[in-house]
Protein chains: 2
Amino acid sequence: MRKISSRFSIATHILAMMAFNHPLTGDQMAGSVQTNPVVIRRIIGQLKKAGLVNVKAGTGGARLTRDADQITLLDIFNAVEVVEDNVLFNFHEHPNLDCPIGANIERSLRRTMSEAQAAMEDKLARVTLRQLAGELMELE
Amino acid sequence: MRKISSRFSIATHILAMMAFNHPLTGDQMAGSVQTNPVVIRRIIGQLKKAGLVNVKAGTGGARLTRDADQITLLDIFNAVEVVEDNVLFNFHEHPNLDCPIGANIERSLRRTMSEAQAAMEDKLARVTLRQLAGELMELE
DNA sequence: CTCGTTGTAACCATTATAGTTACATCGATT
DNA sequence: AATCGATGTAACTATAATGGTTACAACGAG
């Protein structure tokens with residue numbers, strides 16, 4: 001299967017940079033991530049929409065809207081990895097209603113899927129941007 | 001982002017069917033899942049490679065290689081959702097080494113990613129095909 | 001007014017998914 | 001032996017996500 005996109009790691013990287021150096025331009029971030037500035041701007045756009053980041057027009061520069069310990073990795077994940085109905089697992093859509101097994105399996109399988117997703121999200125929710133930067137931020 | 005493919009739910013569906021009706025043909029499964037038989041055969045191929053299923057050549061018919069309580073949803077997931085290096089999360093590949101943040105973030109972010117994946121897998125590992133079928137299997 | 005920056009639009013190449021047709025091959029039955 | 005249903009693949013298609021790219025309008029500060 002396809003991996004979860006690099007938008008998540010890129011977003012986390014640039015947000016961590018913002019936690020140190022306050023106003024940062026897209027080109028500076030693109031230099032650190034080593035990708036095209038437009039890729040960065042698209043991600044910044046998603047982070048803005050999620051309310052994690054403010055961008056100054058004209059002169060440029062992005063900064064966090066709150067403290068790094070108020071932003072979890074789940075906040076970042078949900079900002080850049082948007083999935084339909086916030087449901088990660090697909091379920092084949094036309095199971096034959098004449099098949100008693102399909103009908104009965106669906107409910108419990110969907111529940112397990114949902115629990116699995118929730119367990120993953122919980123791990124992301126327990127780590128803040130602050131914790132991630134960790135030792136580095138002590139030096140500030 | 002893209003959802004996890006329907007192969008997982010389809011594979012679980014047809015394995016649950018096999019837990020009841022022992023030798024099952026691909027066309028019967030395709031009828032219950034309501035998809036093309038070739039899609040089923042491709043999934044069966046993956047389940048065979050993972051050692052979960054036996055297929056009788058010529059006359060046809062697939063059956064489980066072990067009891068339904070010896071097959072977990074994680075077994076099924078790993079059989080049909082193969083991801084490079086078994087690592088679900090991507091990490092952008094050329095972070096600039098001159099950026100101290102990128103370098104320092106990578107290790108801890110990768111750890112959290114790995115924990116999140118493990119938490120999800122653990123939920124899948126705790127449910128067996130037998131448990132999923134649940135009440136239905138009591139009637140056997 | 002100019003300059004650097006941002007926000008988008010418009011492409012492009014690559015890849016995964018899901019479906020489809022076609023066909024060689026196998027084993028059992030007649 | 002010939003036939004029949006079933007499996008295993010190859011080949012092709014359409015659709016969509018990802019990641020990169022160029023181009024350009026708009027904005028604010030100097």
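Quick note on labels: first sequence line is chain A, next is B, and so on, each numbered from 1.
With sequence neighbours excluded, no residue forms a salt bridge (charged side-chain N to carboxylate O under 4.0 Å, His left out) with B/Arg111. Scored by the side-chain contact (heavy atoms from CB on, under 4.5 Å) test, B/Ala16 finds A/Ile101, A/Ile105, B/Leu129 as partners (sequence neighbours excluded). For A/Glu81, the salt bridge (charged side-chain N to carboxylate O under 4.0 Å, His left out) test picks out A/Arg7, with sequence neighbours left out. Partners of A/Asp122 according to the side-chain contact (heavy atoms from CB on, under 4.5 Å) rule, which considers only residues two or more places apart in sequence or in another chain, are A/Arg126.
Because its NZ or CZ atom is not both nearer than 6.0 Å to the ring centre of B/Phe89 and within 45° of the ring axis, B/Arg110 does not count as a cation-pi partner of that residue.
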Which donor-acceptor pairs under 3.5 Å do the side chains of residues 42-67 of chain B make with protein atoms, sequence neighbours left out?
{"unit_1": "B/Thr65", "atom_1": "OG1", "unit_2": "B/Gly51", "atom_2": "O", "d": "2.8"}
{"unit_1": "B/Thr65", "atom_1": "OG1", "unit_2": "B/Leu52", "atom_2": "O", "d": "3.4"}
{"unit_1": "B/Arg66", "atom_1": "NH1", "unit_2": "B/Gln70", "atom_2": "O", "d": "2.4"}

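To the nearest angstrom, C1' of C/dG19 lies 12 Å from CD1 of B/Ile43. In this entry the distance linking CE of A/Met1 with C1' of C/dT17 reads 11 Å, nearest Å.
Evaluation of the ring pair (Phe, Tyr, Trp, His ring centres under 6.0 Å) test over residues 29-61 of chain A, restricted to residues two or more places apart or in two chains, returns none. Sorted by first and then second residue, the side-chain hydrogen bond (donor to acceptor under 3.5 Å, both in side chains) pairs with a member in residues 83-92 of chain A read A/His92-B/Ser9, A/His92-B/His13; sequence neighbours excluded.
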Inset, instruction - Using a 4.0 Å heavy-atom cut-off, write out nucleotides 20-30 of chain D from 5' to 3' as B (base contacted by protein), S (sugar-phosphate only) or - (no contact). - result: BBBB---BS--

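Near DNA chain D, meaning a heavy atom under 4.0 Å away, there are no residues from residues 75-91 of chain A.
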